[in-house]
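Here the structure is laid out as structure tokens; the discussion comes afterwards.
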Amino acid sequence: MYCIKKMTDDLIWVGANDRRLAMFEGVYSVPRGVSYNSYLLLDEKTVLLDTVDKAVHQRFMENVEEALGGRALDYLVVQHMEPDHSAGIREVIARYPDVKIVCNEKTLVMISQFNEMDIKPNAYIVQENDILDIGRHKLHFIMAPMVHWPEVMVTYDSTDKTLFSADAFGCFGALNGALFADEVDFEVDYMSEARRYYSNIVGKYGKQVEALLDKASGIDIQMICPLHGFVWRKNIGDFFTKYVLWSTYEPEEYGVMIAYATVYGNTENAAEILSSRLRDKGIKTQMFDVSVTPASEIISAAFKWSHLVFASTTYNAGIFVTMEALIADLTAHNIQNRTVAIIENGSWAATSGSLIRERLSKCKNMNIIEDMVSIRSGLKADQLSDIEAMADGIIASFPESAGLKKGGTASPAVSDIVDPSTMFKLSYGLFVLTAKDGAKDNGCIVNTVVQITQAPLRISAAVIKANYTCDMILKTGEFNVSILDESVPFGVFQQFGFQSGRNVDKFENCGYDVRAVNGIRYVPENTNGMISAKVIESFDYGTHMLFIADVTQALVISNERSVTYQYYFDHIKPKPQPPKEAKKGFVCKICGYVHEGETLPDDFVCPLCKHGAADFVPV
Ligand code: FEO
């Protein structure tokens, strides 16, 4: 029986979940399953975006048939040829022989390689920025080589502002009946799986992901539909910010990941003592025994934390086997920009430390702390100071911005300093304050609406005197408060907060026109309530007017949570991006590999796709 999810009036999820897969790509355990997403767009033409893995093919075909409702399939867009998304191509062509396969030249080659079939008669070849007009929707194709294979492209529906993002923005884990990230507690339950997916699947290709993010940052995206995991329609900026950090190999958090390889527990003991010392000093730590933890989890943690400690016993005159595999995996995934400390153990000839140092020093921008701790069989009492010194060395390498308390602070009891940032500890809501003067509607963002009394129901609102809305309220004595909820996009703050109503109509092109009983407009979207109020007193406080007003109408719009000032800063306001270095280099036209440097040798061979210098162009 089919199992589909309607996403919008004309977009349907037709994918499926697999909870029996032991190893994704034969390497990564997926104890919580995985979803294979496919999307069907119904317009004047019908368009299927990708297929699924063979494990869930039958359910997928039932889904497609049901979602089509008896219509033929006009287009199959193949964004990515990895078989977990392309296993259904042959069957789709068999069932819908007139279907056009929308793909790029590289994909066309791969379809033949995987299927031993000539699909040229069905092929509809696209290039960067080509547009497929299917009626109301216009599909724009954007090439995304090496995110995660060279043929990958993503598709942007400029009508509904939806990005079909292929492997980008994906996540391990079955969907369990939900489809949107805002239907689950993504941060708590899925972020670690999203990080594990990113770091292991595309972590190596940070440059190429950055290139895609650059392209994506230039378009208005209201929904992201990846090939694995949840669809994003709220707080897209939060997840986008994670991708910026991951693709540039910047840590998400200051803290220490400690990975240890131990045979009889003595190396583990040293690692435990270090972790304990760090915790004593207020540093977050996360520990892994590399012999029992899947490497994909440790790689994921290495992408998260700012500092990495590797503790390994010596084995066969080298690094312990599981640690050696982890180090190889980490370097293959291009880990960089980290501070590293090393503990080695060896009962007669300890070599693991110097070998780990040698291998990690090949990674970019690794600050490897000079003094390692070297143990003979087990840590001795006189070496506790070495561990203490290592903890101090790690802490010393934390930047000021890590927010660690270094040194004392003034006692609150004797300090008479007024720290303005203390005001940010107050909790505030955020509101659109609207007013009407004749034919002119206007509104502004405030965080100062407070209930004063219950009977009569009375509120106060402080407004900057320079705001046009303030003038209008002073003149008319009435206003509305639209209470913003957590779904509010940054655009609403730009609309009402970053421009003046004296110069523009802030409601132009907003797509709604609703008024309260008092005739004043309010904001019906991304809000959970609306209050109309009539001013009974006004107070001039220099920069602000404080209005005291009786409530004349109040209505609940939704049960979404009200947005707070803190939530706005944490989840809505775009984070400042690290400045981009103006790097010189050459990019491979075939796979997107970037070779940094002033020149490219004539005999250069791309380490990814093996094409020669002729296929490179300057960045
Ligand atoms: Fe899920 Fe690269 O494919």
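Every number for a ligand or one of its atoms is a count from 1 in the order of the listing.
Annotation: cation-pi geometry satisfied between Arg32 and Tyr190 (NZ/CZ under 6.0 angstrom from ring centroid, within 45° of ring axis).
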Tell me, with the steps shown, if Met323 and Phe310 meet side-chain contact (heavy atoms from CB on, under 4.5 Å).
CA-CA 8 Å; Met323 180 62 83; Phe310 299 95; 3.9 Å; yes

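More than 12 non-hydrogen atoms from other residues, nucleotides or ligands lie less than 6.0 angstrom from CG of Asp185.
When all heavy atoms of Asn334 and Gly203 are compared, the pair lying nearest together is CB-O, 4.4 Å.
Of all protein atoms, those of element N, O or S that lie under 2.8 Å from atom 1 (Fe) of ligand 1 number 3.
Remark: of the listed residues Glu250, Glu252, Glu253, Glu252 is the sole one forming a salt bridge (Lys or Arg N to Asp or Glu O under 4.0 Å) with Lys242.
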Just list the side-chain donor-acceptor pairs under 3.5 Å for residues 149-157, sequence neighbours left out, or say none.
from, atom 1, to, atom 2, distance (Å)
Glu151, OE2, His80, ND1, 2.7
Glu151, OE2, Met81, N, 2.5
Thr155, OG1, Gln79, OE1, 2.8
Tyr156, OH, Asp220, O, 2.5
Asp157, OD1, His137, ND1, 3.3
Asp157, OD1, Thr159, N, 2.9
Asp157, OD1, Asp160, N, 3.4
Asp157, OD2, His137, ND1, 2.6

